[in-house]
Enquirer: 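Have a look at this one before I ask anything.
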Amino acid sequence: MLWVDKYRPKTLDQVIVHQEIAENLKKLVTEQDCPHLLFYGPSGSGKKTLIMALLRQIFGISAEKVKVENRTWKIDAGSRTIDLELTTLSSTNHVELSPSDAGFQDRYIVQEIIKEMAKNRPIDTKGRKGYKVLVLNEVDKLSREAQHSLRRTMEKYSASCRLILCCNSSSKVTEAIRSRCLNVRINAPKEDQIVKVLEFIGKKEGLQLPPGFAARVADKSNRSLRRAILSFETCRVQQYPFASNQAIPPMDWEEYVSEICSDMMREQSPKRLFQVRGKLYELLINCIPPEIILKKLLSELLKKLDEELKHEVCHWAAYYEHRMRMGQKAIFHLEAFVAKFMSIYKAFLIETFG
Amino acid sequence: MILSSDEEDDCDYKPNLHRSYTKKPKSRPFITRTNPRQPKKPRVSGSRSRSSRDSPSLFEVGFPEEDFEELFSGSKVSAGTPWLWFSVRRLLLSSILARVGSGTSNLNELWVDKYKPHSLEELAVHKKKVEEVKSWFEERLKTTKGNLINNVVVINGKAGVGKSTTVHVIASHFGARLCEWNTPTPTIWQEHVHNTNTGIQYTSKLDEFVNFIEKIRKYGLIPSSSFEDAKPSIILLIDDLPMTNGRVAFERLQSCLLHLVRSTQLPTAILVSDYDETDSTDHTAQRLEQLRLSLENAGACKVSFNPITINSIKKTLSRICRQEKCSVTDEQLDLIAKACGGDIRHAITSLQLFCVKPDLVLNGSFSTPSYSYGKEDDIDALVRGISLLFGRDETLSLFHALGKFLHNKRETEVANAITPGDAFLVRDNFSRLSLKMDAPEKILCQAHGQARPVTDFLHENVLDFISDEAMDDAWHVSSYLSDSDLLLSSFRGMLARYNEAENVLQSAAASVAVRGVLYGNSHPSPPRWHAIRKPKLWQVEKSMLHKQKEIVRQRFIAYNGSSSSNVSDVATEYMPVLKWLECRASGFEDNQALVYCNKTHDESCNRMSLDDRESDDDEIEEW
């Protein structure tokens, strides 16, 4: 088992990083009825951990007994029926699913499946909570239509069902949904918090941490706790006892991106653009989200760029990121950004060096 | 008035009587032709009363006049199915004839039928081909039941080159009885509903065909009693194979025909219409091709007919003109012959329409002045006018069109001084030399280009055609392609493919992509041979989906199975770490680990590409 999972806090009391939020949540569910919740924050900040702990707080140990269910739903959409395959994770009291897996058919999941689940009241055994919980992942990736239907569901079945939504950016969730939920922002953990967690894990594992090592891992982690713990573990496998100047192995795709970046700096020509496209394809095949590629690419470029170009390059990155969201095939926009960068950079080189 | 004159006529074409069927919305009177593939026999002819009765409500005679004009001005050609357009035109002609015809004697008959060749000499098909087919049949008919092998001839050629006519004529030449299979009229939905209400079972056309073939194969033709003593030889003609949809149906048809080829006793001719290669996107065309090849492999003799030459078409046309006593100048005949693209049936129909037209103008029902044939010297305009009225739409293959766009051929000099009135000045760096081709939209239309595949193809290939220095151009091009992707993605998920707005968006996107490529590439690389590649993007998308599914399946490893995590988290963080740990566990050296990881990417890629090659067929089906 990976350390990330091994040392994941199981209850709200064990939480190290977002203690205040955890306490608030605990108060919320013990004292009164739980409203709909929307957790948002950057990845690796502990949203899911908190949600799982919260579920356990509400339903007790039974929330941890989950089973994976892969079911095909037949949905009657007017003239035809659509088969939708959906994986759900459910315990007696809660169901977890990622509606955005269905791509553009997410609307049907929300309209039919979630409604179906929300309608059925759980059997009230010992006068405990008379509701069940639906955990929806990646709400920000839902299409607009799906989000609208979600709004109706939230209103209509709030008596028997609570929704816990989880997403990275709340700005992509419609206003209507946000206003119906209690918004819980989960910040990315600060570096000293990460260090604290790493030291905690180190102690549990019985490892000797050289001074400053945990800080370096935390620094490299980009304030993602998951990332920090994962690379901490890889370091442990790589070399133990730790050396204080030990290299922290980067993710392979990040290496690849920086390779692309140096390709772009070295030569600017349509031919090179074509090679870069091939490499981008490689990344896309491995399911690295295009937004993340673009972001990483930009940050790698910024490291090497001349001051006066930075502003312009950032502008174009933002421009194409936006278009990528609106567009259909990411590669078109990624490539346009690469081409634009090459064209800017080439002009710059010619201007400076003649 | 028109209707009454029509009904008084003794022609049996009275679709309006079938009132029970004609409940179509008026706005789309032409869609009813559910099988645009083969507008084979004219439905209106006097000799084929059956077919015209069986196909109710193909159109109504009382068209509103606007419809006519709209069709004549060609504004609906863009639909991308020239066949439909062609058949519409044919229907139109016969309806015009129905309107005009009451006065003139015998005009109701289409000339195509009226002047059907009756002897070998009259055939416009090339002599050699006729001779080939004739001698083949002669051989079969003489040595009856002698040789069991090779009793099938497959005749292929484009539509309207006289395949069936040749067989008919040859049959009558030998005095053989022709036993013919014509695909029955497709059942339209309303008809089907009507039939089920009256309790008639629906059988698929393919079933009917297979049954027919089986019967023929097993029992031969049982000669009817009247022929008992004469015993004429029999030729089986399979014209117009049934439509198959999907692989299963196609394989059934194929195996049925193969059986026929191997074991039939009768001399059999199977006619296969070729489509233009442009229809390669169309699956039926490919299937037919495949079918033809497999039949040949099974031992069928193959004769392919070429398009009929302009000269012999002209000869036939002028013969008809002489007999009809209409005055058509030689040049006009020439144009009609050229415009028809080797399709003699079309040429004759065009001629008939052309001869009818003056009357219509006199009638005053047409007020479109756009085609006045007064000025004969302005050949170009005439060609355009005629091809608008009579010509078949030219088609291009998708690759041809892509080649045009990518090679970006332009005039070498600035075109002759533009009059300052109609041109607005453009800065030097924005101006381009004029294109050496038709408007890109027209080419797209001819190539049946759909926006998405065209854009993908351009995206895949355009970088090869930009000269190495021109980085700015590369950016221009890719930014235009990104624009076009943006246009294509709107309405995504609405499934509004049949929406009018969607159509406009699609064509706008295609136009932006093509024009962007043409405009942006101001420094094309020196012309040399490039192979146009299939977009790698498709393969990438496929393997991406595959991978994504895998990740979705695997993602419960994170959170130790008690919760699911985002796909992106798994892909960006868990997978690399797990891979890394695995590599370490199996004892690789530090720096090799990454290489190895990359290699596994490649391997998975390669495997995917192999998969791709196998499922190539399906992919084509998708677009």
Side-chain angles (χ1 to χ4, degrees), chain A residues 1-2 4-5 8 43-44 48 51-52 64 66 68 87 89 96 98 101 104 107 137-138 143 145 226-227 230-231 233-234 237-238 249 251-253 255-256 268-271 273-274 277 281-282 284-289 292 320 323 326-329 331-333 335-336 339-340 342-343 346, chain B residues 459 463-464 466-475 477-479 481-482 484-486 488-490 492-493 536-537 540-541 543-544 547-548 551-552 556 558-569 571-581 584-585 590 594 597-598 601 604-605 608:
Chain A
M1 198 195 298
L2 291 173
V4 213
D5 298 319
R8 187 184 301 280
S43 89
K48 285 307 281 293
I51 291 173
M52 296 312 295
E64 278 175 18
V66 292
V68 182
T87 314
L89 246 154
E96 179 179 339
S98 311
D101 283 353
F104 65 91
R107 186 158 56 112
N137 290 320
E138 299 176 294
S143 64
E145 298 87 26
R226 169 175 46 226
R227 182 70 180 279
L230 283 170
S231 47
E233 190 173 357
T234 50
V237 178
Q238 187 186 31
M251 301 286 170
D252 53 356
W253 64 270
E255 294 251 285
Y256 209 66
Q268 297 85 31
S269 69
K271 211 180 275 167
L273 182 59
F274 184 72
R277 180 202 289 173
Y281 276 152
E282 187 89 337
L284 288 177
I285 286 177
N286 282 287
C287 290
I288 312 291
I292 293 184
Y320 283 112
R323 294 171 70 102
M326 297 198 299
Q328 196 173 8
K329 303 202 172 180
I331 187 72
F332 283 73
H333 310 288
E335 194 181 310
K340 183 65 192 173
M342 283 182 170
S343 129
K346 191 175 183 189
Chain B
H459 170 250
L463 288 182
D464 292 352
I466 299 178
S467 97
D468 256 358
E469 296 306 305
M471 198 55 230
D472 281 348
D473 286 357
W475 172 61
V477 167
S478 40
S479 90
L481 288 176
S482 136
S484 134
D485 178 63
L486 220 57
L488 281 171
S489 75
S490 347
R492 173 173 45 137
K536 199 183 165 198
L537 181 57
V540 166
E541 277 174 347
S543 39
M544 197 163 88
K547 186 96 181 177
Q548 202 160 356
I551 286 182
V552 167
F556 299 103
Y559 292 91
N560 197 21
S562 64
S563 172
S564 62
S565 57
N566 298 352
V567 171
S568 66
D569 286 348
T572 52
E573 299 191 350
Y574 285 99
M575 297 303 283
V577 169
L578 282 176
K579 222 180 273 172
W580 197 89
L581 290 177
R584 295 293 303 193
D590 197 2
L594 269 172
C597 292
N598 278 338
H601 292 189
S604 66
C605 265
M608 283 315 296

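Lettering of chains follows the sequences in order, A, B, ..., and the numbering in each one begins at 1.
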Enquirer: List the steps and the verdict of side-chain contact (heavy atoms from CB on, under 4.5 Å) for A:Glu233 and B:Val577.
Expert: CA-CA 9 Å; A:Glu233 190 173 357; B:Val577 169; 5.7 Å; no

Enquirer: Check side chain to side chain contact (heavy atoms under 4.5 Å, CB included) between A:Lys271 and all other residues, then give those that pass, not counting sequence neighbours.
Expert: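 For A:Lys271 the side chain to side chain contact (heavy atoms under 4.5 Å, CB included) partners, ignoring immediate neighbours, are A:Ser269, B:Asp468.
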
Enquirer: Describe, in one word, how the ring planes of A:Phe332 and B:His459 are oriented to each other, choosing from parallel (under 30°), tilted (30 to 60°) and perpendicular (over 60°).
Expert: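 Judged by the thresholds at 30° and 60°, the geometry between A:Phe332 and B:His459 is parallel.
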
Enquirer: At their closest point, which heavy atom of A:Trp253 faces which heavy atom of B:Pro576, and how far apart are they?
Expert: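 Heavy-atom minimum between the residues: CD1-CG, 3.9 Å.
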
Enquirer: Checking A:Leu284 against chain B: side chain, backbone, both or neither under 4.5 Å from a heavy atom?
Expert: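 Both parts, backbone and side chain.
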
Enquirer: Below 4.5 Å from any heavy atom of chain B, which atoms of A:Lys346 appear? Answer side chain, backbone, both or neither.
Expert: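 Contact with chain B is through the side chain of A:Lys346 alone.
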
Enquirer: Mark yes or no for whether B:Asp485, through its side chain, and A:Lys329, through its backbone, hold a donor-acceptor pair below 3.5 Å.
Expert: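 Such a contact is found between B:Asp485 side chain and A:Lys329 backbone.
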
Enquirer: Heavy-atom cut-off 4.5 Å, strictly under: side chain, backbone, both or neither for A:Val4 against chain B?
Expert: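 Answer is side chain: those atoms of A:Val4 sit under 4.5 Å from chain B.
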
Enquirer: Could you report the tightest heavy-atom contact between B:Ala470 and A:Pro270, atom names first, then the distance?
Expert: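 Looks like O-CG, 4.0 Å.
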
Enquirer: Which atoms of B:Ser484 are under 4.5 Å from chain A, going by heavy atoms: the side chain, the backbone, both sets, or neither?
Expert: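 For B:Ser484, neither part sits under 4.5 Å from chain A.
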
Enquirer: Of the backbone (N, CA, C, O) and the side chain (C-beta and beyond), which part of B:Glu541 lies under 4.5 Å from a heavy atom of chain A, both, or neither?
Expert: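 Just its side chain gets close to chain A.
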
Enquirer: Non-hydrogen atoms of chain B under 4.5 Å away: do they reach the side chain of A:Ser143, the backbone, both or neither?
Expert: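 Neither part.
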
Enquirer: In chain order, what residues pass the ring pair (Phe, Tyr, Trp, His ring centres under 6.0 Å) check against A:His333, with sequence neighbours excluded?
Expert: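 Applying ring pair (Phe, Tyr, Trp, His ring centres under 6.0 Å) to A:His333 gives none.
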
